[in-house]
Structures are given as C-alpha cells and as structure tokens.
Amino acid sequence: MKKSYLFLIVFLISTVMFAQQTAIQYKESGIKHYRKKNYHAAIEQFTFAIELDKKMADAYIYRGIAKDAIDEFNSAISDFTIARQLDSNDVFVYVERAKTFMNLKEYEAAEHDFLKVTQLSPNSRDAEEAWETLAEIKYKQKTYRTAANYFTRILRFRPSDAEVFYSRGECKFFLEDYQGVIRDCDKALENDNDNGKAFALRAQAKIKLNDKEGAC
C-alpha cells in the first residue's frame, strides 16, 4: 500500500513538472510568434501555456500584450489584471496595463498604474517613462500644478533636458508663476541656446511682469 502511494506521488509530481515544462515551451513559442507579428498565433500559444499552468503570470502578460496589438484592449486588461493578482510586485504588468488603459483613454486608471511603477522601481527607465507619460496626461488635462511636479520628477533622470525645463515653464506660465517661467527658460537655454520656444515663452513671461525691454 505504501509503495502504491509513493508511486502515485512520484507520478503526480512528474505530471506537474512535465506540464510546467510544456507550458514554458508554449510560452516561448508564443513570444517567437509575437516578434514576427503573428499575434493571433501568439495568443493561441500563450493560451495553451496558461491551460497547463494557470499560475504562469508572464504568460498572461504576454497574451495581454498580443491582444493589445490587435486592439482587443478590454481582454488585454483582463489578462494583465490576472497577472497582477498572481504577482502584485511585477513592474512589467503595471507598465503594460497602463499602456492599454491609455489606448482606451482611461487616463485615471493609467495614472494609477504608472504611479505604481514609480513606487516599485523608482530609479528605473520604466519610472522615467512613467513620469513622462504622467506629465503629458496632466498637461493635456490642464492640471498644470501636478504636471509641473511630474516634469520635476523627470529632471531627476535628465537634469540637462531643455525640453523638460521648457515644458515645466509652460505649466508655470498657466499658473501665473512668471518668475518661475523665466528661471526654467533660462535653464532650457543654458542647455540648448537655439531653443526658440524658450525665448518666446520667456518673452511672454517678461511682458506679464511689465519688462517690455527684456521681452524685446
């Protein structure tokens, strides 16, 4: 009887290991199809992987990315959400789900995921791109104070980026912080002395401060 139990346990372990190995093979096959832009074939392979190993979080993520590529945005979100439930500290899933929320124009949900990226991996390239996207979202929404704060975050990664200084200066112009506009335009021009936009914005700020001679 004990030998029967032992044989059954060994058999079950072997079956699970074989299923997991096969799931990995399906996942790798799906990645190859995705790289060749065979998105439907990729989705099929990722689905086979998930059927064999329902806890394979990255298979859900990759399937979500493939679905996003063919505009199946809501289904992609579902896959990303399952992956997040399996591993709530995976930066990759928040990045990809945020991008899909952006495609759906669900900016509040995208913002939530991008902020999570900056919390989980604050010094990474993913965080830098997240702050950049967040700044653009807030600027388009005319939430200029928050946008300016997000542009400041970007400067931690790119302290000599003239365009970021200019963009933050634009936010400050709408906030009527004209001295702040001048300082940001000065920094933009220090790093790019041919930046015509920075000259024009600084001139507008000087006009607001009644410095017509400086504006000219």
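Values in this document were obtained by computation on a predicted structure and should not be read as measured data.
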For a quick test of reading the model, state the closest non-hydrogen atom pair linking [X] to [Y] and the distance between them.
X: Tyr166; Y: Lys197; result: CE1-O, 3.4 Å
X: Lys116; Y: Ser88; result: CE-O, 4.4 Å
X: Ala110; Y: Ala98; result: CB-O, 3.6 Å
X: Arg168; Y: Asp184; result: NH2-OD1, 2.7 Å
X: Asp192; Y: Ala162; result: CB-CB, 3.6 Å
X: Thr118; Y: Ala130; result: CG2-CB, 3.9 Å

Exercise. Hey, mind stepping through Asn123 and Arg156 against side-chain contact (heavy atoms from CB on, under 4.5 Å) and telling me if it holds?
Worked result: CA-CA 9 Å; Asn123 300 314; Arg156 288 180 52 243; 3.3 Å; yes
Problem set entry | Over 12 foreign heavy atoms within 6.0 Å of CZ, Arg158 |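 Above 12, so yes.
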Donor-acceptor contacts, no H, no angles, side chain residues 207-216, under 3.5 Å, sequence neighbours left out:
| from | atom 1 | to | atom 2 | distance (Å) |
| --- | --- | --- | --- | --- |
| Asp211 | OD1 | Gly214 | N | 2.9 |

Mind checking whether [X] and [Y] have side chains closer than 4.5 Å, heavy atoms only?
X: Ile43; Y: His33; value: no
X: Thr22; Y: Tyr26; value: yes
X: Arg202; Y: Val181; value: no
X: Asn191; Y: Asp161; value: no
X: Asp90; Y: Leu120; value: no

Exercise. So Asn103 and Asp68, side-chain contact (heavy atoms from CB on, under 4.5 Å) or not? Walk me through it.
Worked result: CA-CA 9 Å; Asn103 288 331; Asp68 181 271; 3.0 Å; yes
Checking [X] side chain against [Y] main chain: does a donor-acceptor pair fall under 3.5 Å?
X: Asn38; Y: Ala41; result: no
X: Ser121; Y: Val117; result: no
X: Asp87; Y: Ala83; result: no
X: Ser29; Y: Gln25; result: no

Taking a hydrophobic cluster as the set of Ile, Leu, Val, Met, Phe, Trp and Tyr residues connected by side-chain heavy atoms closer than 4.5 Å, whether directly or through intermediates, do [X] and [Y] fall within one such cluster?
X: Val93; Y: Tyr34; answer: yes
X: Tyr62; Y: Val95; answer: yes
X: Ile70; Y: Ile61; answer: yes
X: Phe46; Y: Ile65; answer: yes
X: Ile31; Y: Tyr60; answer: no

Exercise. Are Glu28 and Lys32 close enough for a salt bridge, meaning some N to O gap below 4.0 Å?
Worked result: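 So Glu28 does not pair with Lys32 through a salt bridge.
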Problem set entry | Ring centres under 6.0 angstrom apart (Tyr139, Tyr144) |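 So the answer is yes for these two rings.
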Exercise. Does the separation of the ring centres of Phe114 and Tyr94 fall below 6.0 angstrom?
Worked result: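 No: the rings miss the under 6.0 Å criterion.
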Exercise. Looking just at side-chain N and O atoms, do Thr146 and Lys138 make a donor-acceptor pair shorter than 3.5 Å?
Worked result: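 No, no side-chain donor-acceptor pair sits under 3.5 Å.
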Exercise. Does the side chain of Tyr107 pick up a donor-acceptor pair with the side chain of Glu111 at under 3.5 Å?
Worked result: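 The criterion, which ignores hydrogens and geometry beyond distance, is not satisfied for Glu111 and Tyr107.
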Point-to-point distance, once rounded to the nearest 0.5 Å, from [atom1] of [X] to [atom2] of [Y]:
X: Phe157; Y: Arg125; atom1: CZ; atom2: CZ; answer: 9.5 Å
X: Ile137; Y: Glu108; atom1: CD1; atom2: CD; answer: 11.0 Å
X: Gln204; Y: Glu170; atom1: CD; atom2: CD; answer: 9.0 Å
X: Ile77; Y: Arg97; atom1: CD1; atom2: CZ; answer: 6.5 Å
X: Asp177; Y: Arg183; atom1: CG; atom2: CZ; answer: 6.0 Å
X: Arg63; Y: Glu72; atom1: CZ; atom2: CD; answer: 10.0 Å

